[in-house]
There are 2 protein chains.
Amino acid sequence: MKLTKAEWQIMNALWEEHPATAREVMDRLPTGVKWAYTTIKTMLTRLVEKKAVSETKQGNTSVYDPLVSQRKARISAFRSLLDQAFDGAMGPLVHFLVEEKQLTPRQQAELIELLQDETEGKGETK
Amino acid sequence: MKLTKAEWQIMNALWEEHPATAREVMDRLPTGVKWAYTTIKTMLTRLVEKKAVSETKQGNTSVYDPLVSQRKARISAFRSLLDQAFDGAMGPLVHFLVEEKQLTPRQQAELIELLQDETEGKGETK
DNA sequence: AGTATTTTACTACATCTGTAGAAGGCGCCC
DNA sequence: GGGCGCCTTCTACAGATGTAGTAAAATACT
């Protein structure tokens with residue numbers, strides 16, 4: 001389930017709260033994204049065709065729901081990046097993350113904390 | 001510098017060893033990718049237009065060199081993924097990595113260690 | 001009811017992507 | 001000096017993407 005950049009915007013708005021109408025989606029787009037109402041409709045229609053969201057009529061108006069979970073979409077996007085840009089392996093990515101400290105010290109600290117929290121309880125290290 | 005999937009294939013081959021001719025690139029594509037020679041040429045031409053690679057004539061034949069480093073390309077791709085799919089923040093990504101067990105415990109430990117090393121040296125030149 | 005507003009279904013259209021075929025030029029072989 | 005194989009430049013073309021405009025139908029407002 002490959003989503004394009006624009007589709008991610010829409011999906012992000014949908015995941016945030018759903019079901020939602022086209023107008024609601026529109027209102028929840030990141031400030032800065034200024035699409036015509038019909039553009040949103042077009043996107044939603046295409047997403048429906050792709051089976052990424054469902055459309056249900058509520059009287060005359062359509063309400064949409066994600067059919068693809070954010071989790072699945074993330075996994076898919078992540079895998080693509082890995083395959084395309086990091087030889088399909090975690091190793092190079094981890095290396096990259098650290099080497100290219102794209103992270104502020106603050107982010108690094110946060111990351112460490114998160115990792116430690118997550119690892120905790122995750123059970124016996126082999 | 002946004003690269004498409006197909007372009008990544010070409011660039012990966014080029015980064016592997018360069019300068020290289022179109023035919024060399026072709027030979028170094030992942031087994032399974034079976035493009036016509038002219039397809040590769042077209043890609044390379046487009047990459048030249050995009051200023052992602054340079055083209056130099058060697059007699060009648062063109063030899064290509066990356067103008068964009070793999071590092072830069074990776075940073076860009078990584079940032080895009082982050083922005084699109086992870087709210088632009090490392091937090092959600094790390095959470096995802098751990099949750100989805102995309103990281104082996106070993107890699108988690110590694111990441112923590114590397115991050116700690118980085119953080120320690122941050123104020124002082126180590 | 002008559003008007004204003006919203007929503008929908010269609011259509012449009014320029015770019016970008018993936019994939020390549022055609023035709024012409026150059027060096028080498030016999 | 002005609003062919004063979006390789007390289008080049010041009011052109012093509014369908015499908016995906018980004019971004020909307022129009023017109024007509026449904027709903028709401030006064």
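Lettering follows sequence order; numbering is per chain, from 1. Given the structure is predicted, the values throughout are model-derived calculations rather than measurements.
- One interatomic measurement links the two molecules: NZ of B:K5 to C1' of D:dT17, which rounds to 18 Å at whole-angstrom precision.
- For B:M26 and D:dT8, the CE to C1' distance is 15 Å, given to the nearest whole Å.
- Distances shorter than 4.0 Å separate none of the side-chain N or O atoms of B:T4 from OP1 or OP2 on C:dC16.
- More than 12 heavy atoms of other shown residues, nucleotides or ligands fall within 6.0 angstrom of atom NZ in A:K57.
- For the OP1/OP2 pair of C:dT6 and a distance below 4.0 Å, the side-chain nitrogens and oxygens of A:T61 include no atom meeting the criterion.
- Whole-Å rounding puts the A:E49 CD to D:dG15 P distance at 14 Å.
- As a whole-Å value, the separation of A:M43 CE from D:dA16 C1' is 11 Å.
- In this entry the distance linking CG of A:L29 with C1' of D:dT19 reads 14 Å, nearest Å.
- B:R46 comes within 4.0 angstrom of a nucleotide base, judged by non-hydrogen atoms across all strands.
- The side chain of B:T42 lies closest to C:dT19, out of C:dT8, C:dT19, D:dT8.
- Rounded to whole angstrom, the span from the NZ atom of B:K50 across to the C1' atom of C:dG18 amounts to 13 Å.
- Side-chain heavy atoms closer than 4.5 Å link hydrophobic residues (I, L, V, M, F, W, Y) into clusters, and following such links, possibly through other members, connects B:W8 to B:M26.
- Within the structure, a side-chain polar atom (N or O) of A:Y37 is placed less than 4.0 Å from OP1 or OP2 of C:dT8.
- Contacts of A:T45 with the nucleic acid, taken as non-hydrogen atoms under 4.0 Å apart, are absent.
- Comparing atom distances between the A:N60 side chain and each of C:dG18, D:dG18, C:dT7 picks out C:dT7 as nearest.
- At C:dA20, one or more side-chain N or O atoms of B:T39 fall inside 4.0 Å of OP1 or OP2 (strictly under the cut-off).
- For the atom pair CD (A:E55) and OG (A:S62), the distance works out to 3.5 Å, reported to the nearest 0.5 Å.
- Residue-to-nucleotide proximity on DNA chain D shows that, of A:A36 and B:V63, the 5′-proximal contact is made by B:V63.
- One can place CD1 of B:I40 at 12 Å from P of D:dT8, the figure rounded to the nearest angstrom.
- In this structure, the side chain of B:N12 engages the main chain of A:Q84 through a donor-acceptor pair within 3.5 Å.
- OP1 and OP2 of C:dT7 both lie 4.0 Å or more from every side-chain N or O belonging to A:T38.
- Remark: B:R23 is in phosphate contact with D:dC7, judged by side-chain N or O atoms under 4.0 Å from OP1 or OP2.
- What separates CD of B:Q58 from C1' of D:dC6 is a distance of 16 Å, to the nearest Å.
- B:K57 comes within 4.0 angstrom of the backbone, heavy atoms only, and of no base.
- Here A:R71 does not pair with B:E99 in a salt bridge; the nearest charged N to carboxylate O distance is not below 4.0 Å.
- Comparing atom distances between the A:K41 side chain and each of C:dA9, D:dT27, D:dC7 picks out C:dA9 as nearest.
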B:L97/A:M90 under side chain to side chain contact (heavy atoms under 4.5 Å, CB included): CA gap, chis, key distance, verdict: CA-CA 10 Å; B:L97 290 180; A:M90 279 305 299; 4.3 Å; yes
